[in-house]
Amino acid sequence: MLAVSEYNTKNYSPNFTARKIAVVKSVSSALADGANSAIEIYSLGKKDKDFVEKLVKSIDMKKLLPSKSNEPNFSVWQNLIEFISDFIGTTKHQKVFLALQNKKPCGILVSICNRTSSELIGIATWPAAVEKRIKNAGRALFTALLDVAASKKHKHIKLEPILNGPTDAVGFYKKMGMSFPDPNASVMSVDRQGIIKSYNKQAEALNYEKVKNSSDENLYIITS
């Protein structure tokens, strides 16, 4: 459960407790300023909805990516982040993952994972600072979902990609092993064999390391 400090909508720093499930070290171990470049993936729960809503209020994509703000469909990006926030806690069997780099949130994923399958509801990333997009944040989050599906022996993962967004969502999901079984339908999926194959491929490429026997950590994250 997250404990959020007092804040205002322009600048606040939430404190929260969450369980780290993985670390991605796909790029050099240190950034130019000496900071750690690893991406950490944390698992959240439905009781953390209030925290996520407050976090989303701090994200202004036009300010974070002014160079892209006038491009067609840019607003879809902001709307997706807000949609994911609103969806948390509305159904059973949800998995919610938050990506952080140097204590700065840079992405979120929400899915429904039942006994036999997974459905991706949404995945969104954002810059950690102005014009500072975090490489592989989306891949890291999706690999965490592949990890869950592989571990639970799910028969498939399915999703419906956004077709009118500012980025090539379909191309991204194809790289993650997804495809359109029915070329006339809007749903992409991957079967069990494909889940395992894609997870192994992404985990190796990203240097994705599971965090075993982890417990809740008290964290202080930076939102500005």
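Heads up: numbering here begins at 1 and tracks the sequence.
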For this session: Check the side chains of Ser118 and His154 for a donor-acceptor pair under 3.5 angstrom, ignoring hydrogens and angles.
Result: yes

Problem set entry | Carboxylate-amine/guanidinium proximity below 4.0 Å for Lys49 and Glu53 | yes

Exercise. Would you call Lys155 and Asp191 a salt bridge, using N to O less than 4.0 angstrom?
Worked result: no

For this session: Work out which heavy atom in Ile39 is nearest to a heavy atom in Ala140; give both atom names and the distance.
Result: CG2-CB, 4.3 Å

A side-chain contact here means heavy atoms from C-beta on lying under 4.5 Å apart; do [X] and [Y] qualify?
X: Ser151; Y: Lys210; result: yes
X: Leu80; Y: Gln78; result: no
X: Lys20; Y: Ser43; result: no
X: Val211; Y: Ile21; result: no
X: Ile123; Y: Ile108; result: no
X: Ile81; Y: Trp126; result: yes

Does [X] reach the main-chain N or O of [Y] with its side chain, forming a donor-acceptor pair under 3.5 Å?
X: Asp182; Y: Asn184; result: yes
X: Asn136; Y: Arg139; result: no
X: Ser186; Y: Glu160; result: no

Exercise. For residues 79-95, which residue pairs qualify under side-chain hydrogen bond (donor to acceptor under 3.5 Å, both in side chains), counting only residues two or more places apart or in two chains?
Worked result: Thr91-Gln94

Problem set entry | Between CE on residue Met178 and CG on residue Leu120, distance to nearest 0.5 Å | 7.5 Å

For this session: Would you sort out whether Ile196 and Arg192 count as a side chain to side chain contact (heavy atoms under 4.5 Å, CB included), showing the intermediate values?
Result: CA-CA 6 Å; Ile196 296 172; Arg192 170 147 179 77; 3.6 Å; yes

Exercise. For Ser37 and Gln101, what are the C-alpha separation, side-chain angles and deciding distance, and is it a side-chain hydrogen bond (donor to acceptor under 3.5 Å, both in side chains)?
Worked result: CA-CA 7 Å; Ser37 66; Gln101 186 186 74; 5.3 Å; no

Exercise. So with a 6.0 Å cut-off around CD of Gln193, is the heavy-atom count from everything else above 12?
Worked result: no

For this session: Mind jotting down which residue pairs meet the ring pair (Phe, Tyr, Trp, His ring centres under 6.0 Å) criterion with at least one end in residues 56-78? Sequence neighbours excluded, please.
Result: Phe74-Trp77

For this session: Could you note down all residue pairs passing ring pair (Phe, Tyr, Trp, His ring centres under 6.0 Å) where residues 172-194 supplies at least one of them, sequence neighbours left out?
Result: Phe142-Tyr173

